[in-house]
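Reviewing the structure listed below.
When reading the values below, keep in mind they use all heavy atoms of this one structure, side chains included, and skip hydrogens, waters and symmetry mates. Both counts, for ligands and for their atoms, begin at 1 and track the order of listing. What you are looking at is a predicted structure, and each value in this text was computed from that prediction instead of being measured.
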Amino acid sequence: MGSVRVHHLNCASFRPAIAPPMVAHVLLVERDGGLLLVDTGYGSGELADPGRLGKPYLLAVRPALDPGETALAQVKALGFAPEDVTDIAVTHLDSDHAGGLVDFPHARVHIHQPELDAARHPRFMEKQRYLPAQWAHGPQWVQHSEPGDDWFGFPSVTAIGDDVVMIPLLGHTRGHAGIAVRDAADHWLLHAGDAVFDGDQLATPPSCARSLTVMQTLMAVSNKLRRENTERLRELVATHSDEVTVFCAHDKAQYGALATR
Ligand SMILES: [Zn+2]
């Protein structure tokens, strides 16, 4: 059975200096056993201490840091308690995806094992992207590594159940993964995280603003893997859009279209 209801949340707004405005697209999924968050945006830690994000980062991406945008505030506004969130699945642990972990300390946090390894043992170039304070409270990590059933041609790593699976999409980070959620109508939503920054990169023919291409190239740990996965996702969209809706974390227009459906 698919998930009962899926809410689209924006858990961080950005006005980058060199790119169009962006969001941090998060899913709140009502499942039989409890609530699931897919990614978390920023949380109370960044609101209390924006400086921990670092001055260069604050100047480059200019996050709004609006208290009403945290996952915690939006979960409460929907009438739920923080403890109702039993599970969180993260696409990766960059600071704009992992900030909300601290606000749901009871939740199990599902993660692709290579991503937790990268965050715990960052290489020189990775040190600035991860913020260990975001998981200093000691989340209940649930690490996933064994390939599961094939999912539309992608080797999946089963995350939580047959309605939520983790799809490795390496490149942006060492353990980056998409999270696919099956809804009540048996349609899949694939949160592709930062595999792409602009939904039009998955159109045929693809397109992307030059500034976003530069940002993605600079931020990737492997541009070869990132480009290969972009092409696989583009093919998925071209051939299976009736069964799967693919979206990325930061595309504001894509978020607007899905949130108001
Ligand atoms: Zn991001």
Side-chain angles (χ1 to χ4, degrees), residues 8-27 37-43 45-46 50 52-54 56-66 69-71 88-102 109 111-112 114-116 118-119 122 125-135 166-179 190-202 208-209 211-223 225-226 229-230 233 246-255 258:
H8 294 264
L9 314 178
N10 169 23
C11 294
S13 296
F14 311 91
R15 291 180 300 111
I18 61 156
M22 291 174 157
V23 296
H25 198 147
V26 166
L27 298 180
L37 276 172
V38 178
D39 273 359
T40 68
Y42 291 129
E46 289 69 54
R52 77 186 197 177
L53 292 169
Y57 180 88
L58 290 170
L59 289 171
V61 303
R62 298 195 288 186
L65 297 172
D66 173 351
E69 284 187 345
T70 63
I88 299 174
V90 287
T91 59
H92 63 302
L93 286 176
D94 275 353
S95 63
D96 52 326
H97 298 255
L101 293 179
V102 72
V109 181
I111 186 162
H112 192 206
E115 183 64 11
L116 190 56
M125 292 297 282
E126 292 171 327
K127 282 197 172 142
Q128 57 192 346
R129 73 188 314 153
Y130 296 121
L131 205 57
Q134 291 179 329
W135 52 86
M166 189 172 278
I167 316 291
L169 296 170
L170 310 187
H172 180 68
T173 61
R174 265 197 268 165
H176 186 279
I179 309 293
L190 174 60
H191 189 315
D194 289 3
V196 293
F197 277 14
D198 182 337
D200 288 341
Q201 287 174 262
L202 305 181
C208 183
S211 56
L212 288 182
T213 304
V214 171
M215 272 175 83
Q216 292 177 87
T217 305
L218 289 174
M219 292 179 74
V221 296
S222 167
N223 278 299
L225 291 175
R226 181 181 66 80
N229 281 320
T230 301
L233 288 169
V246 183
F247 62 93
C248 60
H250 298 307
D251 186 320
K252 189 176 178 185
Q254 215 172 33
Y255 167 74
L258 287 167

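Not one N, O or S atom of His92 sits under 2.8 Å from the Zn ion (ligand 1). Look at Asp194 and the Zn ion (ligand 1): an N/O/S atom of the residue is under 2.8 Å from the metal. Residue His172: no N/O/S atom is found under 2.8 Å from the Zn ion (ligand 1).
In summary, the aromatic rings of His191 and His8 are positioned with their centroids too far apart to meet the 6.0 Å limit.
Side-chain contact annotation: Asp94 with His172, donor-acceptor N/O pair under 3.5 Å present. Side-chain atoms of His25 and Asp39 include no donor-acceptor pair closer than 3.5 Å.
Of the possible donor and acceptor atoms, one in the side chain of Ser211 sits under 3.5 Å from a partner among the backbone N and O of Ile18.
Atom OD2 is the N, O or S atom of Asp96 at the shortest distance from the Zn ion (ligand 1).
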